[in-house]
J.: 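My structure is below; once you've seen it, I'll send some questions.
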Amino acid sequence: MGSDPGNIVPPADAEELGTERYDGKYPIVIDGLQNAFGDNVIHQDLALKVRRGEILGVVGGSGTGKSVLMRSIIGLQRPTGGTIEVFGRDITAAGPDEVIGVRNHWGVLFQGGALFSTLTVAENVEVPLKQFYPELSAELMHEIARYKVVLTGLPGEAASKYPSELSGGMKKRAGLARALALDPELLFLDEPTAGLDPIGAANFDKLIRDLTDTLGLTVFLITHDLDSLYAICDRVAVLADKQVIAVGTIPELLESDHPWIQEYFNGPRSRAARDSRDRAAELTVAEGDAAREQSAPAAALHGKITGA
Amino acid sequence: MREWADFSWQDGDGDSGRGAIALHGPMLVSSVGPLDERLRAIDRPISTIDLSDAGQIDTVGAWIVWRLAEQHGAEITGAGDQATRLLEVVQGAQSSADIRPQQLGMPMRALEDFGRFMVGLGHGTLRVIAFLGAIVLSFGGMIRHPRRIRGRAIVRQMELVGVASLPIVGLMSFLIGIVIAQQGAAQLSQFGAESLSVNLVGRLTLRELGVLMTAIMVAGRSGSAFAAQLGTMKLTEEIDAMRTIGVAPMEALIIPRILASVLMMPLLGFYASVIAILGGAVISDVTLGVPAVSFLLRIREVVPVYDLYIGLIKAPVFGLIIGLAGCYQGMQVEGNAEEVGLRTTQAVVQAIFMVIVLDAFFAVFFSNLGWN
């Protein structure tokens, strides 16, 4: 044993976080949020609850403050009023130390990936690990970085590449690998499919859905991509008039008579996205049947891991 | 207090000697650090890994379990639903790729770096020549077609390079004048020749320091701005957009900047020399007891007029170097924001270096002309 665990300041544990007001159901609870830049009020009395384990899509016209909302939740922007509780802890009132205690329970994917340009992809993934868990050995960190890179669908060789050598889609995946470095419970994604070609975007959507299901994530997804909304979001929150005017599944939202929602979900692009979702669902059923017949290697693995 | 993951060892039965490991506690990234190192140190073979007593598990915990099982050919027992799912995930994601790009050994790497440097130098020289040629061509074009001269852009750049830097250049020169007069008088008083500090201030500022210090200031202020502006415009594809519309970036961006620094440098240099002499006059009035008016009158007697010519001949050349270095480096930006910073630094360093080298040439040249 190289390091003495007693000397390391412990970060907050999941259980520890839950002691206050976190009931395990709503990792994010926003109430009465107000954000303003000078006289320009962005959010007024905004309320939103994010359920555990869901992918919540956040939509709204340009300038309705989707990114400001995300920045407020992750503590990059101090709101002018209201409360934001993440895992039961009020981010707006918390001091720097308390925010750090929550910070290792979330991962953020910024729009452009925001990778550190002087580090390789693998080193990017190791940055949060080194920051929060310095007791991990260098060897283990390398191993973690390697499998996280592959987990996000990149080829293993991408680990040693610099961000400038990657395409836009690969940068997003590398950014996702870094966001997932600490095995967070909460994932923030800011327009992850913007700028990707339709095939790349669909693959990225599927990746997010798969990771959410296997790793048990809760995802806060800002998007303009109607396909993403239909394909992977459990619920959708609509930002308009400085507030969240509606939250619900897409069929529920369709029943709303708010003009913006009607225009958004009944526009030609939205109808096309819905159709393609329906077609994809039919295809998946057919593929699933074929895949089940070919899953011999997976069965072998199951044999190796005998259940409890 | 943080709860750490732990394990217990049980010797196996029979001759094989393969033991069994049972893991306890949370198998999370926050709790497995020390456990991982202890597991790595085990040198006896393991037959089974029991997870039934382990707590929560994440992919890092699953990775450690899976790696151990793989290494010893061990069987994993007692895995819950979550653990089984995560074990599958990490198994599918294993990779042995490098963390950093592979590097050659030391002597080879030094050779490679040297080769790269030389090739870069060659390419750089060619590019500089091409850049100069392009400037001369479009300058010629502008002379033949005067309508293509962008008067407004030139005036705007002259304001930024010249007028806007009057306060800082003035303050700097005034202080330099004070320092020369004061230090000169302190040294010359040892020979009883304080009055010669007038010669020192007058000749030094008009001939050398006025223009040189101004060039350094303009390189830092405007040369860096040229590189950063053009570099950013290249990154945001503004320059490509200009080309597609039919506006030549050379005429719209580069010529105005270079012309502005060529035209403004002599004016700024002369202004700096005058202010420096004023600074010397003020300090000698205050501390040396020489009235400012007689200081200025003495300047007329002791400074030959060719000192002024020397300064005025050098200034536009320095301006050209500053403008060229800034614009050239700005146009070389490619790729990312980091490069804008690098190129800006290079523009300033190159400009100041070249200015000082040329200044030394000029000093020898004018002395040989008999202007000493």
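All chains are named by letter (A, B, ...) in the order of the sequence lines, taking the proteins before the strands, and each is independently numbered beginning at 1.
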J.: Are B/Tyr328 and B/Gln332 close enough that some pair of their side-chain heavy atoms sits under 4.5 Å apart?
T.: yes

J.: Quick one: what part of A/Lys148 sits under 4.5 Å from any heavy atom of chain B, side chain, backbone, both or neither?
T.: side chain

J.: So do A/Val149 and A/Val121 actually touch side chain to side chain, heavy atoms under 4.5 Å?
T.: yes

J.: Could you give me the CA-CA distance, side-chain angles and deciding distance for B/Glu112 and B/Arg116, then say whether salt bridge (Lys or Arg N to Asp or Glu O under 4.0 Å) is met?
T.: CA-CA 6 Å; B/Glu112 192 190 349; B/Arg116 265 183 219 287; 2.6 Å; yes

J.: Give a yes-or-no answer on whether the side chains of B/His24 and B/Asp6 include a donor-acceptor pair shorter than 3.5 Å.
T.: no

J.: Any chance the side chains of A/Glu185 and A/Trp106 put a donor and an acceptor closer than 3.5 Å?
T.: no

J.: Given heavy-atom pairs under 4.5 angstrom as the criterion, report whether the side chain, backbone, both or neither of A/Asp213 touches chain B.
T.: backbone

J.: Are B/Ile57 and B/Gln82 close enough that some pair of their side-chain heavy atoms sits under 4.5 Å apart?
T.: yes

J.: Tell me, out of A/Leu140, A/Leu136, A/Thr120, A/Leu211, who's got the most heavy-atom pairs with chain B below 4.5 Å.
T.: A/Leu140

J.: Are A/Arg178 and A/Pro128 close enough that some pair of their side-chain heavy atoms sits under 4.5 Å apart?
T.: yes

J.: Salt-bridge test for A/Glu139 and B/Arg40: reply yes if a basic N is under 4.0 Å from a carboxylate O, no otherwise.
T.: yes

J.: Is it the backbone or the side chain of B/Arg85 that comes under 4.5 Å from a heavy atom of chain A, or both, or neither?
T.: side chain

J.: Counting heavy-atom pairs under 4.5 Å with chain B, which one of A/Glu157, A/Glu126, A/Lys161, A/Glu143 comes out on top?
T.: A/Glu143

J.: Heavy-atom distances under 4.5 Å only: say whether B/Leu86 touches chain A with side chain, backbone, both or neither.
T.: side chain

J.: Counting only heavy atoms closer than 4.5 Å, note whether B/Asp98 contacts chain A via side chain, backbone, both or neither.
T.: both

J.: Go through the atoms of A/Thr118 and report whether side chain, backbone, both or neither lie under 4.5 Å from a heavy atom of chain B.
T.: side chain

J.: At a heavy-atom separation under 4.5 Å, does B/Leu51 approach chain A through its side chain, its backbone, both, or neither?
T.: neither

J.: Using non-hydrogen atoms and a 4.5 Å limit, figure out which bit of A/Leu129 sits close to chain B: side chain, backbone, both or neither.
T.: side chain

J.: Would you mind telling me which of B/Pro101, B/Pro26, B/Ala337 has the largest number of heavy-atom pairs within less than 4.5 Å of chain A?
T.: B/Pro101

J.: Could you have a look at A/Ser164, A/Ala159, A/Pro155 and say which one has the most heavy-atom pairs with chain B under 4.5 angstrom?
T.: A/Ala159

